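Have a look at the structure below, then the notes.
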Number of protein chains: 2
Amino acid sequence: MKPVIPSDPTSVPVQTEAVDAGREEPSLHGEILARLRDYIVEGNIPDGGRVPERQLCSMFGISRTPLREALKVLASEGLVDLLPNRGARVRQLSERELGELFDVMGGLESLAGRLACENITDEEIAEIERLHYEMYGFYLHRDMHGYFRINQLIHQKIVEASRNATLLATYGNFAGRIRRIRYSANFARKRERWGEAMREHEMILEALRRRAGSELSDILFHHLRNKRTAAIEHLSEADAALSSPVPA
Amino acid sequence: MKPVIPSDPTSVPVQTEAVDAGREEPSLHGEILARLRDYIVEGNIPDGGRVPERQLCSMFGISRTPLREALKVLASEGLVDLLPNRGARVRQLSERELGELFDVMGGLESLAGRLACENITDEEIAEIERLHYEMYGFYLHRDMHGYFRINQLIHQKIVEASRNATLLATYGNFAGRIRRIRYSANFARKRERWGEAMREHEMILEALRRRAGSELSDILFHHLRNKRTAAIEHLSEADAALSSPVPA
DNA sequence: ATGGTCCATATTGCATTCAATTCTTTCGGG
DNA sequence: CCCGAAAGAATTGAATGCAATATGGACCAT
């Protein structure tokens with residue numbers, strides 16, 4: 001008889017099944033998917049550029065199968081286009097699609113704001129207030145980088161306060177698709193837009209304090225609408241400058 | 001010589017590449033993906049049931065590779081869960097997740113209504129009016145099946161009128177995830193809810209006529225909220241009846 | 001009889017392989 | 001000198017193969 005003692009108490013088999021909050025994927029495929037997504041979102045491949053299967057395989061040290069699986073997923077997420085027999089290209093957003101994305105983001109944030117008003121705690125509001133004033137500081141100092149960082153954080157916090165994991169995941173998805181666009185330089189020429197955005201954020205905070213769902217919903221949508229307009233104007237100008245580098 | 005006349009004006013070669021509205025995927029993988037998704041959405045596999053790779057392979061007459069790719073995509077869409085080394089299971093929605101889904105749907109429809117007010121044509125409104133009264137007829141005759149069919153069509157038309165292909169695609173995605181739940185029998189016990197829903201639809205139509213975006217947005221959200229409540233109550237009752245078939 | 005261990009089977013994850021399509025280069029003609 | 005065609009190289013899409021892990025059942029000990 002060999003009283004096979006169950007290894008030892010410290011290596012208790014963790015219950016990876018009953019996790020319902022956020023399902024984990026410790027598989028190779030999952031890791032590759034995340035890494036490839038980051039790689040693309042971070043802009044390592046130019047807009048419309050090919051996604052070199054073979055090269056990425058050796059880069060990640062894997063075979064083509066898991067990479068191709070990841071590509072299919074990224075295609076369904078809208079990050080890349082899959083041209084039959086011609087490989088994957090990082091999807092370049094037309095002006096129209098960019099506008100559509102911003103509107104959907106607006107809808108999601110609008111929803112998030114409404115739900116947040118139902119569920120947010122006083123502590124979370126206090127935290128957002130803190131961030132708000134921090135952001136205001138960056139605004140006063142004209143620190144665009146700091147401003148945007150906190151700005152994203154505030155929006156993120158609101159979505160988290162909605163207590164809706166599905167919404168959070170969807171929001172993250174679309175945020176990734178937009179993040180490829182560098183709209184950080186938006187306020188470079190449009191100072192007044194920056195002030196406007198700051199005022200909108202005042203309204204957001206104020207509505208959140210009152211937990212006025214419908215109002216916050218409206219404010220957030222229009223906030224994103226304005227963001228959209230600014231982003232598209234910025235993009236158009238950039239395009240125009242590119243197509244005619246030396247205007248007469 | 002053969003004066004290759006450009007066929008004829010009716011069969012102009014369609015540009016399948018420059019299509020930005022809805023990109024096509026004529027590949028085998030794309031077809032399998034669509035077929036498998038339908039297969040699951042239509043409920044051919046029980047909730048939480050295994051998705052038999054090999055069996056489906058022979059069923060579709062393909063090898064495992066494209067099927068596995070499709071499964072990865074369906075997992076990212078939230079239709080199935082991928083357990084490492086243990087295969088795919090059709091995702092069973094907890095009550096909480098179902099509620100989350102309904103809320104997100106509410107957010108999307110809310111957005112769609114707002115955008116629709118900006119873009120809808122008089123003809124489209126007239127079409128929705130027609131559908132509305134047709135649905136009202138089904139309501140009067142207590143024809144639930146007909147009612148639900150037109151109901152879905154109206155919501156679909158509103159989303160289409162938003163002129164936002166991204167939103168339309170996302171909406172379809174979530175609709176598929178919910179469609180597995182049979183909530184057709186919702187009004188069976190709750191007649192008053194049916195009347196309430198009908199009144200909400202009156203308000204929807206009325207706001208749409210006036211193109212009152214914010215209002216319609218609000219109405220649609222609350223409409224979906226009520227749908228959500230009804231669906232979850234229905235589900236809970238069904239569960240309760242299942243766990244204690246013979247109440248004392 | 002019950003609980004646990006061990007082994008055979010089945011299934012999964014990934015790598016490799018092969019056919020098919022596309023891209024590139026080179027050659028010939030105008 | 002430029003353009004077009006054709007062959008070769010490279011890349012993609014899908015099938016198959018193999019190692020690793022999970023599943024199911026028989027067997028043994030208590």
Side-chain angles (χ1 to χ4, degrees), chain A residues 1-9 11-19 23-36 40 45 48-76 80-91, chain B residues 1-2 4 13 15-18 23-36 40 45 48-76 80-91:
Chain A
M1 63 202 287
K2 201 197 285 177
V4 181
I5 293 164
S7 39
D8 76 319
S11 70
V12 169
V14 282
Q15 292 235 16
T16 56
E17 294 184 22
V19 176
R23 60 197 187 287
E24 309 297 318
E25 288 179 43
S27 67
L28 176 57
H29 158 265
E31 191 198 316
I32 292 299
L33 174 58
R35 287 219 277 165
L36 183 55
I40 292 177
I45 302 176
R50 298 181 59 120
V51 181
E53 264 186 29
R54 210 152 237 299
Q55 188 176 322
L56 289 172
C57 282
S58 60
M59 173 174 152
F60 290 134
I62 56 166
S63 84
R64 283 176 54 217
T65 308
L67 189 96
R68 294 184 90 262
E69 289 172 348
L71 278 175
K72 298 287 192 297
V73 173
L74 293 183
S76 90
V80 302
D81 274 329
L82 247 42
L83 310 183
N85 289 318
R86 295 174 63 200
R89 299 182 118 76
V90 316
R91 178 153 207 201
Chain B
M1 63 201 289
K2 201 196 288 178
V4 182
Q15 294 232 17
T16 56
E17 293 187 19
R23 59 197 183 286
E24 308 298 318
E25 290 180 41
S27 65
L28 175 56
H29 159 264
E31 191 198 317
I32 292 300
L33 174 59
R35 287 219 278 166
L36 183 56
I40 291 177
I45 302 177
R50 298 181 60 124
V51 181
E53 263 186 28
R54 257 182 126 60
Q55 188 177 323
L56 289 171
C57 282
S58 60
M59 173 175 152
F60 289 133
I62 56 167
S63 83
R64 284 176 51 215
T65 308
L67 189 96
R68 283 171 55 67
E69 289 172 349
L71 278 176
K72 297 288 192 296
V73 174
L74 292 183
S76 91
V80 302
D81 274 329
L82 245 43
L83 310 183
N85 289 318
R86 295 175 56 198
R89 298 182 121 75
V90 316
R91 177 153 207 200

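We name chains A, B, ... by the order of the sequence lines, and we start the count at 1 in each one. Keep in mind it's a predicted model, so treat the numbers as computed, not measured.
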Going 5' to 3' through nucleotides 7-12 of chain C and flagging B where a protein heavy-atom sits under 4.0 Å of the base, S where only the sugar-phosphate is that close, and - otherwise, we get ----SB
Contact between B/K72 and A/K72 at the side-chain level, heavy atoms closer than 4.5 Å - yes or no?
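Heavy-atom side-chain distance check fails, nothing below 4.5 Å.
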Measure across A/V73 and A/H29 and return the closest heavy-atom pair with its distance rounded to 0.1 Å.
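Minimum heavy-atom separation between A/V73 and A/H29: CG2-NE2, 4.2 Å.
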Minimum heavy-atom distance A/I32-A/A70, with the two atoms named
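Where A/I32 meets A/A70 most closely, the heavy atoms are CG2-CB, 4.1 Å.
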Rounded to the nearest Å, what distance is computed from the [atom1] atom of residue [X] to the [atom2] atom of nucleotide [N]?
X: B/I62; N: D/dA15; atom1: CD1; atom2: P; answer: 6 Å
X: B/L67; N: C/dG13; atom1: CG; atom2: C1'; answer: 14 Å
X: B/L82; N: C/dG13; atom1: CG; atom2: P; answer: 6 Å
X: B/H29; N: D/dA14; atom1: NE2; atom2: P; answer: 8 Å
X: A/Q55; N: D/dT11; atom1: CD; atom2: P; answer: 10 Å

Partner set under side-chain contact (heavy atoms from CB on, under 4.5 Å) for A/R35, not counting sequence neighbours
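Partners of A/R35 by the side-chain contact (heavy atoms from CB on, under 4.5 Å) criterion, ordered by chain and then number, come out as A/E31, A/F60.
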From the options D/dA15, C/dA15, C/dC14, select the nucleotide whose nearest atom is closest to the side chain of A/S63.
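Nearest to the side chain of A/S63 among the choices is C/dA15.
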Contacts of type salt bridge (Lys or Arg N to Asp or Glu O under 4.0 Å), residue B/R54, not counting sequence neighbours:
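Expected list: none.
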Scan for side chain to side chain donor-acceptor pair (under 3.5 Å) pairs involving residues 59-68 of chain B, sequence neighbours excluded, and state none if there are none.
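As it turns out, the side chain to side chain donor-acceptor pair (under 3.5 Å) pairs with a partner in residues 59-68 of chain B, which skip direct neighbours, are B/E53-B/R64, B/E53-B/R68.
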Could you pick out which residue, A/P66 or A/R89, lies toward the 5' side of DNA chain C when each is mapped onto its nearest nucleotide?
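The residue whose closest nucleotide sits nearer the 5' end is A/P66.
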